[in-house]
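Both counts, for ligands and for their atoms, begin at 1 and track the order of listing.
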Amino acid sequence: MKEYLKKLPPEIKEFISLAGKISKETRMPAYLVGGFVRDLLLGKKNFDLDIAVEGSGILFSEKLAKRLGSGIRIHERFGTATLILKGRLKVDIATARKERYPCCAALPVVSQGSLMEDLMRRDFTINAMAFGIGQGQEQKLIDPFGGRRDLAQGKIRILHDLSFKDDPTRILRAIRFQQRFGFRIEHKTLLLLKEAANSDLLHKVNVHRIRDELILMLKEDDPLKQIKALYSLAGLSFISPKLKPGKATYDLFKAIDKEIAWFTKKFPGRRHLDTWVIYLAALLEPLGLAEVKRICRSLALRNGEEKRIVSFRQSGPRVIVSLMKKGISPSRIYSLLEPLSYETIILLAAVSKNRYCREYIADFLEIYNGMRLYVSGHDLHGLGILPGPVYQKIFAKVLAAKLNAKVSTYEDELALIRRLIKCPGANVLKKQ
Ligand code: ATP
């Protein structure tokens, strides 16, 4: 096991060594747990560290944060803390705990526990391994459920027969890891997964947890594979009984993959894309607007997320039809696309098979969207125009002229504004 640790990036090695010292000083045994240990054995890079502490995870985190000079976010109620670190490393620390499920799909009753109890509450054998890093511990793998063997054999296996009934979000998690690693879901686990999916247990789970797991699936490298597997193994009726994706949806996912690859290569400095929003909107594309809105609400999507999905459904077809004609002016293209989010625009590009439409979208993203005026509010004030909403109207007119190559220099822009305010009826713009 030590040979695996040796290969880690220096920042992680240093961090683990410091956490080990804190463990010794506080006499609280500490362990690396979960996905980090799994990925360590797989030789996959992972900068998300989960540490379980026998004792007080919060006290441990406070000491660690003090030594590191880092920030800390404490969740007293759950006995967990997140260190706020610069760089790539993300660290969550928790008091080792045990869980009891009072009934199917309900939230568990949680209490402090040993490492063994903490591992027993986990989802799959490959995620239920630990590695001791401090107080009185040998640096070796703790693997009570045969996670290392399952990793080597490429198997997703639950820890006990009631696992999916206790927490049906594990249905989504099993499929996500299966698809991510190209593993098989072990025979009995698969039977129990299907049985749980068929008994509608996913309908009973807290919507936030379902939403978060669905988003994680759509954030994986290949969302198409994820959704296909989810549909065939568990169905999608927990999102909507009307949702039955077929070739058209799958082709759209492939087209989106290409558009996202093009966008990220072409505009590396642009804002980060919420790609999962694009895939979710594509998944819901065959449904009517009312159903799309209902789903967004039932999944408790945040306002901005719902807006982007709904705006594609609402204005997508109209914008595409408008952009299918030859010779549209740049200012018209700008006025159609500027109100939309990047996610919606990428989706429009993927949906549209029309040559002009795709060219206009590329022009908008490459040229028009970054175009700025030389004139400012200061210039308008200097011309005696009273500040107010009229400023936006003037800027919009000058920008339209600039997009259409009617003005180019600072002097051109000022001259246009002078002409605009001289127009009959424009006197109201001037200072009294
Ligand atoms: P990823 O590589 O996608 O981040 P991860 O394994 O780190 O995967 P997290 O969702 O960050 O997954 O969860 C961390 C650990 O917590 C998991 O490895 C698993 O041991 C445990 N866990 C998470 N969700 C569940 C769950 N629903 N039921 C049981 N254990 C869970």
Review point. Given F183 and F177, is the ring-ring contact (aromatic ring centres under 6.0 Å, His included) satisfied, shown in steps?
Key: CA-CA 7 Å; F183 283 7; F177 291 121; 9.3 Å; no
Review point. Would you say the ring centroid of F36 lies under 6.0 angstrom from that of F131?
Key: no
**Study point:** Residues in contact with ligand 1, criterion: heavy atom under 4.0 Å
**Key:** G34, G35, R38, D50, R121, R122, D123, N127, D167, T169, R170, R173, R176, F177, R180, R209
Check your understanding: Between the main-chain N or O of G57 and the side-chain N or O of T95, is there a donor-acceptor pair closer than 3.5 Å?
Key -> yes
Exercise for review: For the pair K63 and E25, evaluate salt bridge (charged side-chain N to carboxylate O under 4.0 Å, His left out) and give the outcome as yes or no after the intermediate values.
Suggested key: CA-CA 10 Å; K63 294 230 186 275; E25 284 168 24; over 6 Å; no
Review point. Looking only at atom types and distance, does a side-chain atom of Q112 sit under 3.5 Å from a main-chain N or O of R97, one as donor and one as acceptor?
Key: no
Review point. With sequence neighbours excluded, what pairs up with R209 under the salt bridge (Lys or Arg N to Asp or Glu O under 4.0 Å) test?
Key: D167
